[in-house]
Protein chains: 2
Amino acid sequence: MTDFIKFCNKLSPLNQESVNDLLNNLKTKTYQKGDLLLKDGTVCKHLYFINQGLVKTFFYKKDKEFIMRFFPENVMFSILESYLTQTPSKFMIMALEPTIVTFIHQNDMEQLCTKHHCIETLFRKLLSIASLNMMKRISIMLEDNATERYNKFVTENNKLLQRISLGDLASYIGITQVSLSRIRAIK
Amino acid sequence: MTDFIKFCNKLSPLNQESVNDLLNNLKTKTYQKGDLLLKDGTVCKHLYFINQGLVKTFFYKKDKEFIMRFFPENVMFSILESYLTQTPSKFMIMALEPTIVTFIHQNDMEQLCTKHHCIETLFRKLLSIASLNMMKRISIMLEDNATERYNKFVTENNKLLQRISLGDLASYIGITQVSLSRIRAIK
DNA sequence: ATGACTATTTATCATTTGTTAAAAGATAGT
DNA sequence: ACTATCTTTTAACAAATGATAAATAGTCAT
């Protein structure tokens with residue numbers, strides 16, 4: 001739980017009262033590899049901080065899987081599409097490793113944003129980071145072909161690479177696993 | 001200027017004092033078709049509201065152009081990559097039609113976010129919308145091929161379609177103009 | 001209307017990526 | 001060590017998209 005607070009405080013300073021209010025609303029849960037933190041069709045009610053482990057957010061089109069993003073330890077995440085609108089999610093969240101998350105309920109977070117200006121500021125910073133990440137992703141998908149996207153991922157996520165299967169990486173990059181295998185073979 | 005306030009108030013209610021503070025910091029400017037609102041390599045200092053007209057945000061890789069997004073009248077926009085970090089922009093903003101924008105300086109907006117909780121809330125809502133839009137864009141780029149992306153754009157942006165050139169639409173979809181022409185011919 | 005310029009279409013060929021199937025390699029449980 | 005299962009690689013062919021060039025259509029200034 002304290003890592004959650006540390007992370008927040010680093011991003012945007014919180015006063016003592018807001019820290020206490022946050023702490024009072026945090027819960028922690030453990031998941032095994034393969035467990036779903038969120039099933040599609042359900043509303044994402046939580047904002048998560050990942051203490052340990054790795055998750056992927058993804059969705060299916062027909063029987064094909066597409067990965068939106070990987071989240072390793074020490075970052076915050078949620079399914080914004082569902083969390084922000086409180087509508088059923090198109091996306092799912094799955095633990096790729098034994099994972100421990102600390103989370104806060106959307107209702108509580110919303111109230112705390114209203115109550116504490118500094119928490120609203122924190123949330124704004126979180127959304128800023130998410131926006132920057134997604135913007136980067138979009139520009140990469142536009143300007144780079146599969147090989148370049150793969151190389152970029154490798155250099156920028158070197159440490160994650162060993163923890164992600166080839167199939168998952170391919171789904172993230174936006175190609176088939178067979179294509180990615182071929183790309184790797186050519187180098 | 002008042003359309004700016006109307007838009008904001010609709011998104012997130014503002015008290016009178018914050019409205020006044022906003023109004024005192026707004027400026028309005030007119031651009032001709034083809035004018036740049038922002039050149040790449042410069043820092044995006046403003047958050048814009050578009051009263052009239054149409055702009056595109058885009059970038060170059062070598063001599064190829066890629067379009068991030070179109071913004072028509074009555075929406076807010078900026079180059080978040082640069083605005084949020086106050087670093088030189090990879091992206092440019094160009095008017096595709098005679099365009100009138102009302103805008104606020106990043107310094108001023110930041111101060112107002114600190115001064116008025118309700119303006120911070122407004123900004124959070126703006127970032128939420130941007131995040132949802134980008135999330136949708138990413139999932140479309142993952143799951144849909146060029147033909148599907150084109151069809152989706154046509155049905156969802158029917159009114160914009162007549163105002164955007166084929167080449168620009170292709171750059172947005174992420175294919176060459178020649179490919180898009182072929183896709184349209186097949187239907 | 002004319003000419004100059006720009007945008008769009010069409011055609012051809014090259015390259016990339018998808019699809020399917022089979023083989024090879026890795027992992028976990030017994 | 002052995003099977004069963006899952007992951008990754010390899011191969012052959014199909015489909016989609018890119019690159020280039022030429023033809024057609026549309027736009028704008030005079």
Side-chain angles (χ1 to χ4, degrees), chain A residues 32-36 54 56 58-67 70 94-98 137-154 157 160-187, chain B residues 32-36 54 56 58-67 70 94-98 137-154 157 160-187:
Chain A
Q32 294 312 307
K33 180 175 174 174
D35 285 354
L36 288 180
L54 179 66
K56 65 176 174 184
F58 64 105
F59 66 100
Y60 286 108
K61 181 184 185 172
K62 299 184 184 169
D63 56 343
K64 262 185 281 183
E65 178 184 320
F66 299 93
I67 293 183
F70 302 102
M94 180 184 282
L96 295 180
E97 300 174 357
R137 178 91 180 274
I138 291 170
S139 76
I140 285 176
M141 294 179 91
L142 284 174
E143 70 182 318
D144 294 339
N145 65 20
T147 304
E148 294 168 327
R149 295 203 297 278
Y150 169 72
N151 288 331
K152 215 167 258 188
F153 187 92
V154 169
N157 303 81
L160 271 188
L161 209 59
Q162 293 82 357
R163 300 161 69 182
I164 297 173
S165 76
L166 185 76
D168 276 352
L169 182 48
S171 303
Y172 176 81
I173 289 176
I175 57 177
T176 63
Q177 171 213 32
V178 177
S179 288
L180 181 52
S181 183
R182 173 168 42 198
I183 285 170
R184 293 212 296 189
I186 289 170
K187 295 202 62 178
Chain B
Q32 294 311 307
K33 180 175 175 174
D35 285 355
L36 288 180
L54 178 67
K56 65 176 175 185
F58 65 104
F59 66 101
Y60 287 106
K61 179 181 187 174
K62 297 183 185 170
D63 55 343
K64 263 188 278 181
E65 178 184 321
F66 299 93
I67 293 182
F70 301 102
M94 181 185 281
L96 296 179
E97 300 174 358
R137 177 91 179 275
I138 291 169
S139 76
I140 285 176
M141 291 179 93
L142 285 174
E143 72 182 317
D144 294 338
N145 64 20
T147 305
E148 294 167 327
R149 295 203 296 280
Y150 169 71
N151 289 330
K152 216 166 257 189
F153 187 92
V154 169
N157 303 82
L160 271 189
L161 208 59
Q162 293 81 0
R163 299 161 69 184
I164 297 173
S165 76
L166 185 75
D168 276 352
L169 182 48
S171 303
Y172 176 81
I173 289 175
I175 56 176
T176 62
Q177 170 210 33
V178 177
S179 289
L180 181 51
S181 183
R182 174 168 42 200
I183 285 171
R184 294 211 296 189
I186 289 170
K187 296 202 63 179

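Below, chain A is the first sequence line, B the second, and so on; all start at residue 1.
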How many Å lie between [atom1] on [X] and [atom2] on [N], as a whole number?
X	N	atom1	atom2	result
A:Lys61	C:dG18	NZ	P	13 Å
B:Asp144	D:dT17	CG	P	11 Å
A:Glu143	D:dG18	CD	C1'	17 Å
A:Ile183	D:dT9	CD1	P	12 Å
A:Tyr150	C:dT17	OH	P	14 Å
A:Leu142	D:dT17	CG	P	14 Å
A:Ile175	C:dT17	CD1	P	7 Å
A:Gln162	D:dT8	CD	C1'	16 Å

Q. From the list C:dT17, C:dT10, D:dT17, which nucleotide is the closest neighbour of the side chain of B:Asn145?
A.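 Closest nucleotide among those given: D:dT17.
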Q) Hey, what's the ring geometry for B:Phe70 with B:Tyr172, parallel, tilted or perpendicular (30° and 60° as the breaks)? A)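 Because their plane-to-plane angle lies in the 30° to 60° range, the rings of B:Phe70 and B:Tyr172 count as tilted.
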Q | Exceeds 12 heavy-atom contacts within 6.0 angstrom, atom NZ of A:Lys152 | A |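 For A:Lys152, atom NZ is crowded (more than 12 foreign heavy atoms under 6.0 Å).
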Q) Going by an N to O cut-off under 4.0 Å, is there a salt bridge joining A:Glu148 and B:Lys61? A)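 A salt bridge links A:Glu148 with B:Lys61.
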Q) Would B:Arg149 and B:Glu143 pass as an ion pair if we require N to O under 4.0 Å? A)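 Salt bridge: no.
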**Q.** Considering all heavy atoms, the nearest A:Leu142-B:Ile67 contact
**A.**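 In terms of heavy atoms, the two residues are closest at CD1-O, 3.5 Å.
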Q.
For B:Gly174 and B:Lys33, find the nucleotide of DNA chain D closest to each by heavy atoms; which residue's nucleotide sits nearer the 5' end?
A.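 With B:Gly174 and B:Lys33 compared, the 5'-side residue is B:Gly174.
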**Q.** Residue met sooner reading DNA chain C from 5', once A:Lys64 and B:Leu180 are mapped to nucleotides
**A.**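 It is B:Leu180 whose nearest nucleotide is closer to the 5' end.
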Q) Would one find a side-chain N or O of A:Ser179 under 4.0 angstrom from OP1 or OP2 of C:dG18? A)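 Yes, because at least one side-chain N or O of A:Ser179 sits under 4.0 Å from OP1 or OP2 of C:dG18.
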Q: Report yes if a side-chain nitrogen or oxygen of A:Thr176 is closer than 4.0 Å to either non-bridging phosphate oxygen (OP1 or OP2) of C:dG18; otherwise report no.
A: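 Indeed, a polar side-chain atom of A:Thr176 lies that close.
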What does the list of N/O pairs under 3.5 Å between the protein and nucleotides 5-8 of chain C look like, with a distance for each?
from  : atom 1 : to       : atom 2 : distance (Å)
C:dT8 : OP1    : B:Leu166 : N      : 3.1
C:dT8 : OP2    : B:Leu166 : N      : 3.3
C:dT8 : OP2    : B:Gly167 : N      : 3.4

Q.
With a 3.5 Å distance limit and no angle check, can you tell me whether B:Asp144 reaches the backbone of B:Met141 through a side-chain donor-acceptor pair?
A.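 Checking the backbone N and O of B:Met141 against the side chain of B:Asp144, no donor-acceptor pair under 3.5 Å is found.
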Q: Scan side-chain atoms only and decide if B:Arg184 and B:Ser181 contain a donor-acceptor pair under the 3.5 Å cut-off.
A: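 Note: B:Arg184 and B:Ser181 side chains miss the donor-acceptor criterion.
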